[in-house]
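Report on the structure given below.
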Amino acid sequence: MSATLTTPPVSTQPPAEHRPTYLNITKTIGSWLLTLDHKRICLLYLLSIALFFSIGGFAAMLVRLELLTPAGDFLTADGYNKAFTLHGIMMVFFFLIPSIPATMGNFLVPIMVGAKDVAFPRLNLMSWYVFMFGSVLAITSVLLGGVDTGWTFYTPYSSTYSNSAVTFAALGAFVAGFSSILTGLNFMVTIHKMRAPGLTWFRLPLFMWAIYSTSVIQILGTPVVAITLVMVALERTLQFGFFDPKLGGDPILFQHLFWFYSHPAVYIMILPALGVISEVISAMSRRKVYGYTFVAMSSVAIAIISFIVWGHHMFTSGQSVYAGMVFSFLTFLVAIPSAIKVFNWLGTMYQGSISFATPMIYALGFLGLFAVGGLTGLFLAAMGTDLHMHDTYFVVAHFHYIMVGGAVMGFYAGLHYWWPKITGRAYPEFLGQVAGTLMFFGFNFTFFPQFLVGYLGMPRRYHAYPAEMQVFNILSSVGASILAIAYILPAIYLAWSFFYGKRVGDNPWEAKGLEWEIPSPPPTENFLKPVVVTEEPYTYTKEAH
Amino acid sequence: MSAQSHTAESRGLAHHFEDFNQQLDASTFGMWLFLITEILFFGGLFAGYALYRSHMPEGFQTASSHLNIFLGGFNTVVLIASSLTMAMAVRSCQLGDNPKTRNFLIATLFLGLVFLGVKVIEYGEKIEHHLVPGPNFDTSIPFAQGQQMFYNFYFAMTGMHALHMIIGSGLLIYFIVRAHQGRYHSNYFGPVEIMGLYWHFVDIVWIFLFPLLYLLGLHLGGH
Amino acid sequence: MWKDFPLFPEAASTSARDVDLLYFFIVAINVIFTIGVFAVAVYFAIKYRRKNEHEIPPQPGHSTLFEVVSSAVPTVIVMIIFGWGTWLFYVNYIPPKGAMDIFVVGKQWMWKLQHPEGHREINELHIPVGQTVKLTMTTEDVLHSFYVPAFRTKKDVVPGHYTTLWFTPNKVGKYHLFCAEYCGTQHSGMIGWVHVMEPADYEAWLQGTVRGETMSQAGERLFGRLGCNTCHKADNSGRCPTLENVFNEPVRLANGQTVTADEAYLRESILKPTAKVVAGYQNQEMPSFQGQVSEDNVLQLVAYIKSLKKQPEVKK
Amino acid sequence: MAQQHGNGHSVQHHVAPVIHYVGVWLLLMLLTGLTVAVATVDFGGSLNTVVALAVAGVKATAVIWIFMEVRHAQPLTKLSVITGIFFLVILLVFTFGDYFGRSTTFTPLEEGWRSDGPHSVGTVPELEPKPAHAPAKGPAKH
């Protein structure tokens with residue numbers, strides 16, 4: 001949408017080095033650590049989740065190295081259990097959930113809404129500190145010997161039988177959950193209460209719809225896992241037998257309370273990526289997103305339906321067959337909005353003018369991998385086949401296709417798409433395209449064999465497996481090393497480009513959007529003049545620029 | 001929510017809000033969203049309570065009959081009164097009357113501390129009778145398993161509620177100080193209103209806890 | 001070379017073939033849609049690639065028809081899969097009558113299997129081909145999951161509950177048995193084999209292995225040792241209800257409800273006697289045996305109670 | 001609805017008369033007495049809980065509607081209160097859906113299925129997958 005800014009055409013702005021931007025306005029460490037500027041908090045989050053992503057990635061490499069050989073000879077059994085638990089906790093609670101909302105969301109929500117800052121800037125900074133405090137707790141649990149319950153903390157193993165530092169990890173996840181609540185709350189109030197004049201709901205960019213739906217889930221789901229983890233911690237420390245079968249407790253209740261949050265949590269991870277891909281495909285094809293209202297409403301539909309499907313995690317745990325049928329039916333329904341989004345993206349690309357810049361490479365990769373991830377969910381939603389496939393590597397492959405193929409590819413697409421705006425500098429294009437393509441093939445190489453070995457019956461969380469499944473695991477481990485390279489490469493050239501990249505103008509992609517109408521990197525107060533929004537988003541009019 | 005204030009009449013208006021209306025709107029809506037998370041936070045405990053009560057009804061009823069109804073009832077009355085004084089505090093703050101606000105806040109704080117005092121008495125009683133779940137729970141009582149599960153939830157729910165009361169009392173002290181300094185005026189009363197929302201929510205949680213925990217087996221007599 | 005690295009698991013039970021059928025149906029849909037979506041995306045990307053830097057392509061209109069079709073077609077396909085999958089689960093959900101009972105107790109990192117005739121096996125299960133087998137399973141500690149990929153089925157084993165699983169093997173062979181629910185350090189060591197044998201070989205195996213006392217005999221011994229017979233008398237003269245002919249019959253409870261005396265009811269009454277008290281008896285009489293009897297003992301007591309018949313028939 | 005910036009700085013916020021608050025307080029005291037009274041009467045089985053929760057619900061609504069000024073609040077605030085309660089109900093309904101669904105223990109006896117749970121499913125034709133050879137009949141329990 002173009003906003004009639006009353007400033008002179010931006011190009012006459014002095015280059016970034018000579019005018020105050022949010023980056024160079026103050027230089028002291030204190031100003032960064034106590035900043036109330038949503039753009040700086042975005043960078044603080046970016047650094048912390050990069051750190052946690054590397055810790056999680058390191059644990060993943062340990063797991064893949066161990067699985068090269070059928071016998072468990074690289075790590076001890078206990079060491080392997082702690083490695084995959086660390087991989088799970090770091091990736092889920094400390095990378096995927098905050099990844100897009102806390103970084104790009106923090107940077108873009110106030111700008112796309114036409115406001116100076118989020119509704120509660122101090123709360124925004126507090127949510128970063130709460131996040132870091134949570135991570136300190138989780139790292140302490142690693143230093144105290146690690147936790148070996150898996151990121152799902154299933155009782156009664158996690159509450160009575162495991163003698164590893166479960167309480168610290170559970171409290172770490174509990175505290176990180178609060179940071180997620182505070183971020184979600186901040187964004188919802190900002191989107192509801194601080195939109196610029198003329199910016200009605202249906203003039204909001206689709207990234208905003210995705211962030212809004214994610215915030216709904218964060219607010220409604222996270223408290224339930226918070227109280228569940230508190231109950232597990234109480235049971236471990238004070239022997240309050242909530243879930244202990246010997247004291248009359250019921251482990252199935254834990255599973256209900258845990259999955260009530262944890263399934264919507266996987267939509268917290270993927271919905272922002274869906275928003276990013278809508279933005280990237282629209283900008284890279286220079287076309288309005290096809291079926292804007294349907295794509296926007298499908299985000300909200302996913303957010304709501306995601307709360308009534310969690311039973312498909314418990315088909316084999318002795319759940320009643322009627323509840324199973326209801327959950328199975330609703331799980332199939334939740335697949336429909338994702339299908340609508342994919343078809344509308346294709347509609348957007350039709351007759352577009354498609355550039356092959358790095359964000360588009362990642363977006364195309366996303367389309368393929370997210371399609372596979374979504375469709376393989378159909379096996380696990382049908383009760384008949386889930387009996388065979390539950391808790392096997394088929395499930396591992398399914399959710400990695402959605403999380404890594406979807407959320408991480410979306411994260412990289414958004415990072416490259418808005419990098420010029422965040423830093424005012426360009427990243428090396430060719431290297432970006434190489435990394436994107438490498439990630440796509442490395443990813444498929446890693447996780448497609450896991451579908452096959454999953455159907456063969458290799459259970460999850462095994463560090464020793466029957467010899468006939470070795471071929472698939474070798475393929476997967478080799479693929480994992482390619483994937484590791486594909487992740488490290490962008491980290492290197494983006495860090496380089498942050499300091500030495502070529503300066504760019506304010507709208508390098510010539511895309512539509514409020515964020516492309518302010519200088520890059522933007523000044524602290526985002527907009528130099530009050531913003532009035534007059535038309536629909538993504539209006540690429542015919543006249544030549 | 002209110003950051004540095006510069007001119008007299010716009011005291012308490014944060015820089016990124018257009019005007020007081022938007023600021024009040026945003027902060028009240030933000031508080032309500034926080035209260036939703038609290039509803040679901042306590043909701044998890046209520047779900048657990050409801051499930052185990054349906055599985056072990058006699059254990060829950062026997063355990064509930066040990067609780068002192070008078071103390072529970074007295075606490076409910078105290079908390080309802082504190083809700084009234086809190087609502088009066090918010091009202092007088094809206095009128096810009098700082099001293100009155102401060103006095104009502106002090107009354108609310110006093111009632112809150114009375115409530116916590118009664119809780120301390122009750123907890124002391126339970127510890128004496130070895131009714132705190134865990135290794136030294138007295139398992140010789142009838143329906144020991146059911147009673148232990150009841151006390152799991154009794155301590156979890158009233159403990160979490162008391163924790164929220166303690167946090168509330170801390171916040172009350174903060175607002176008493178600011179009211180005493182005359183910070184509020186008829187355009188800037190948001191923080192006290194938000195404190196009121198939080199306090200009323202904590203009262204509502206107790207309104208549900210009282211019948212579910214204390215009056216469980218009353219119809220069977222034997223209190 | 002490929003014999004050692006199978007691409008597809010063996011199908012060794014009657015329901016395996018049905019599961020594979022549904023699996024291939026969904027795989028077909030996946031292939032069609034994935035190839036379709038990705039091919040169209042790449043084709044569009046190449047066909048409509050950007051010719052010059054500032055080109056503005058024609059902007060899309062809006063066709064509700066496209067939207068309706070793009071949501072209706074997936075909904076129909078998905079409902080077909082739902083119907084098929086749920087029917088497949090529901091049909092196999094009820095163990096057929098006349099299945100051979102096997103009792104399974106999961107314990108941290110081993111499977112203990114008990115045949116009613118008294119054979120006990122650790123991580124091994126010998127069953128005749130074609131014989132429907134019903135497993136009644138529980139665990140002494142954490143969650144486990146009894147998973148035989150060749151039979152395409154698994155069932156979690158939950159402490160405090162009996163869960164059942166059944167299958168009818170129709171192919172002789174030796175198949176993997178895994179624990180699929182994470183259960184601690186040696187989770188990947190809790191594996192074993194299911195040997196499906198010709199009936200003749202099975203009989204030979206039965207005779208060959210040393211036969212301990214049958215479960216009901218072990219149960220009877222326990223019944224005496226724990227002093228159950230002081231109250232539960234055959235002629236109903238004791239202070240507790242008689243247990244003859246109790247199994248699988250309706251029992252009126254003190255609170256007016258009527259429950260079937262199935263295995264779960266018997267187990268609960270042994271471990272938590274006050275949970276479901278029979279009408280006409282106070283609830284303080286029977287002490288709880290929680291902690292005194294292991295899950296295997298409870299299964300033996302249940303087997304013994306099942307074998308108690310009114311007329312003094314020779315014990316099976 | 002977010003943009004009705006007040007004309008200038010002042011916040012129009014009508015202040016309720018004191019009588020409203022004291023009135024609600026009295027109502028709450030009465031209802032507390034009612035809660036205790038209602039608990040002494042045995043309505044039989046689960047009805048006791050329903051009645052107790054109903055009274056508590058009325059008290060809670062009074063506090064929300066008047067004390068928390070939701071009566072003057074914007075529709076958005078009203079919607080958020082309802083959403084919070086709605087998703088709590090979803091958690092309870094689906095969790096108990098599972099537990100109550102389990103109580104229909106099927107005993108496929110000769111005359112077809114007989115469920116012993118509180119709600120009988122009625123007789124459903126015997127689904128007899130054809131095992132290779134049907135050994136002697138014996139009760140098989142789920």
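Residue numbers start from 1 in every chain, and the chains themselves are labelled A, B, ... in the order their sequence lines are given, proteins ahead of strands.
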TODO: Using a 4.5 Å cut-off on heavy atoms from C-beta on, say whether the side chain of C/Thr34 contacts that of A/Leu375.
DONE: yes

Task: C/Gln59 side chain vs A/Arg286 backbone, donor-acceptor pair below 3.5 Å - done: yes

TODO: Check C/Arg50 against A/Ser285 and note the closest heavy-atom contact, atom names and distance.
DONE: NH2-N, 4.4 Å

TODO: Sort C/Val27 into side chain, backbone, both or neither according to what part of it lies under 4.5 angstrom from a heavy atom of chain A.
DONE: both

Task: Heavy-atom pairs under 4.5 Å with chain A, option from C/Gly160, C/Gly85, C/Pro60, C/Pro149 with the top count - done: C/Pro60

Open item on the list: Which label fits C/Tyr182 and A/Phe84: parallel for a plane angle under 30°, tilted from 30 to 60°, or perpendicular past 60°?
Closed with: perpendicular

Task: Interchain contact, A/Ala363 with chain C, by part (heavy-atom threshold 4.5 Å) - done: neither

Open item on the list: So C/Phe33 and A/Val342, do their side chains get closer than 4.5 Å, heavy atoms only?
Closed with: no

- [ ] Kindly give the heavy-atom pair with the smallest separation between A/Ala339 and C/Pro74, and that separation in Å.
- [x] CB-CG, 3.9 Å

Task: Side-chain heavy atoms of C/Val158 within contact of A/Gln255, under 4.5 Å - done: no

- [ ] Carefully, step by step, assess A/Tyr157 and C/Gln108 under the rule side-chain contact (heavy atoms from CB on, under 4.5 Å).
- [x] CA-CA 10 Å; A/Tyr157 183 70; C/Gln108 244 167 344; 3.6 Å; yes

TODO: Please determine, among A/Trp345, A/Tyr80, A/Phe440, the option with the most heavy-atom pairs under 4.5 Å with chain C.
DONE: A/Phe440

- [ ] Heavy atoms only, distances under 4.5 angstrom: which of A/Phe315, A/Phe343, A/Phe472 has the most pairs with chain C? Name it, please.
- [x] A/Phe343

Task: Heavy atoms of other groups near C/Trp87 CH2, more than 12 under 6.0 Å - done: no

Open item on the list: Please check this pair: side chain of C/Asp156 against backbone of A/Gly318, looking for a donor-acceptor N/O pair closer than 3.5 Å.
Closed with: no

Task: A/Lys246 portion near chain C, given a 4.5 angstrom heavy-atom threshold - done: both

Task: Smallest separation among heavy atoms of C/Phe38 and A/Leu364, with atom names - done: CE1-O, 3.5 Å

Open item on the list: If I measure from the heavy atoms of chain C, does A/Met314 come under 4.5 Å with its side chain, its backbone, both, or neither?
Closed with: neither

- [ ] Return the option, out of C/Ile191, C/Ile81, C/Thr163, with the maximum number of heavy-atom pairs under 4.5 Å with chain A.
- [x] C/Ile81

Open item on the list: Determine whether the aromatic ring centres of residues C/Phe66 and A/Phe294 are separated by less than 6.0 angstrom.
Closed with: no

- [ ] Quick one: sort the C/His62 and A/Tyr290 rings into parallel, tilted or perpendicular, breaks at 30° and 60°.
- [x] tilted

TODO: State, to 0.1 Å, how close C/Val19 and A/Gly384 come at their nearest heavy-atom pair, and which atoms those are.
DONE: CG2-O, 4.1 Å

- [ ] Examine whether an atom of A/Arg460 lies under 4.5 Å from a heavy atom of chain C, and if so say whether it belongs to the side chain, the backbone or both; otherwise answer neither.
- [x] backbone

Task: Aromatic plane relationship, A/Tyr350 with C/Phe44 - under 30° parallel, 30 to 60° tilted, over 60° perpendicular - done: tilted

Open item on the list: Does any part of the side chain of A/Tyr455, heavy atoms only, come nearer than 4.5 Å to the side chain of C/Pro9, both counted from C-beta?
Closed with: yes

TODO: Select one option (side chain, backbone, both, neither) describing which atoms of A/Phe356 are under 4.5 Å from chain C's heavy atoms.
DONE: side chain

TODO: Could you look at A/Phe451 and say if it's the side chain, the backbone, both or neither that has a heavy atom under 4.5 Å from chain C?
DONE: neither

Open item on the list: Does any backbone or side-chain atom of A/Ser162 lie under 4.5 Å from a heavy atom of chain C? Answer side chain, backbone, both or neither.
Closed with: neither

Open item on the list: Counting C-beta onward and ignoring hydrogens, is there a side-chain heavy-atom pair between C/Arg152 and A/Leu387 closer than 4.5 Å?
Closed with: no

Task: Region of C/Met190 that comes under 4.5 Å of a non-hydrogen atom in chain A - done: backbone

Open item on the list: Taking every non-hydrogen pair under 4.5 Å, which of A/Leu367, A/Val289, A/Leu452, A/Val372 racks up the most with chain C?
Closed with: A/Val372

Task: Main-chain N/O of A/His390 paired with C/Lys154 side-chain donor or acceptor, under 3.5 Å - done: yes

TODO: Just give me the residue among A/Pro245, A/Ser158, A/Gly352 that pairs up with chain C most often, heavy atom to heavy atom, under 4.5 Å.
DONE: A/Gly352

- [ ] Check whether any side-chain heavy atom of A/Ser353 lies under 4.5 Å from a side-chain heavy atom of C/Ile56, and answer yes or no.
- [x] no

Task: Greatest number of heavy atom pairs closer than 4.5 Å to chain A - which of C/Asp141, C/Leu88, C/Val40 - done: C/Asp141

Open item on the list: Walk me through whether A/Asn81 and C/Gln186 qualify under side-chain contact (heavy atoms from CB on, under 4.5 Å).
Closed with: CA-CA 9 Å; A/Asn81 293 343; C/Gln186 295 302 339; over 6 Å; no

TODO: Would you mind telling me which of A/Ile340, A/Leu346, A/Asp78 has the largest number of heavy-atom pairs within less than 4.5 Å of chain C?
DONE: A/Leu346

TODO: Give the minimum heavy-atom separation between C/Val37 and A/Ala371, together with the two atoms involved.
DONE: CG1-CB, 4.4 Å

Task: Part of A/Ser164 lying under 4.5 Å from any heavy atom of chain C - done: neither

TODO: For each of C/Cys183, C/Ser15, C/Gly184, C/Ala150, tally heavy-atom pairs with chain A at distances under 4.5 Å, and name the one with the top tally.
DONE: C/Gly184

TODO: State, to 0.1 Å, how close C/Glu67 and A/Gly291 come at their nearest heavy-atom pair, and which atoms those are.
DONE: OE2-CA, 3.4 Å

Task: Residue, of C/Phe178, C/Tyr147, C/Tyr48, that accumulates the most heavy atom pairs under 4.5 Å with chain A - done: C/Tyr48

TODO: Decide yes or no for C/Tyr90 and A/Met325: does some side-chain heavy atom of the first lie under 4.5 Å from some side-chain heavy atom of the second?
DONE: yes

Task: A/Tyr154 versus chain C, the contacting section by heavy-atom distance below 4.5 Å - done: side chain

- [ ] For each of A/Thr76, A/Ile336, A/Asp250, A/Thr155, tally heavy-atom pairs with chain C at distances under 4.5 Å, and name the one with the top tally.
- [x] A/Ile336

TODO: Go through the atoms of A/Tyr161 and report whether side chain, backbone, both or neither lie under 4.5 Å from a heavy atom of chain C.
DONE: side chain

Task: Contacting moiety of A/Thr149, where chain C heavy atoms sit under 4.5 Å - done: backbone

Open item on the list: Less than 4.5 Å to any heavy atom of chain C: does that hold for the side chain of A/Ile252, its backbone, both, or neither?
Closed with: side chain

- [ ] Measure distances from A/Gln319 to the heavy atoms of chain C and classify the residue's part below 4.5 Å as side chain, backbone, both or neither.
- [x] neither

Task: Contact check, side chains of C/Phe82 and A/Thr331, non-hydrogen atoms, under 4.5 Å - done: no

Open item on the list: What part of A/Pro251 gets within 4.5 angstrom of chain C, counting heavy atoms only: side chain, backbone, both, or neither?
Closed with: side chain

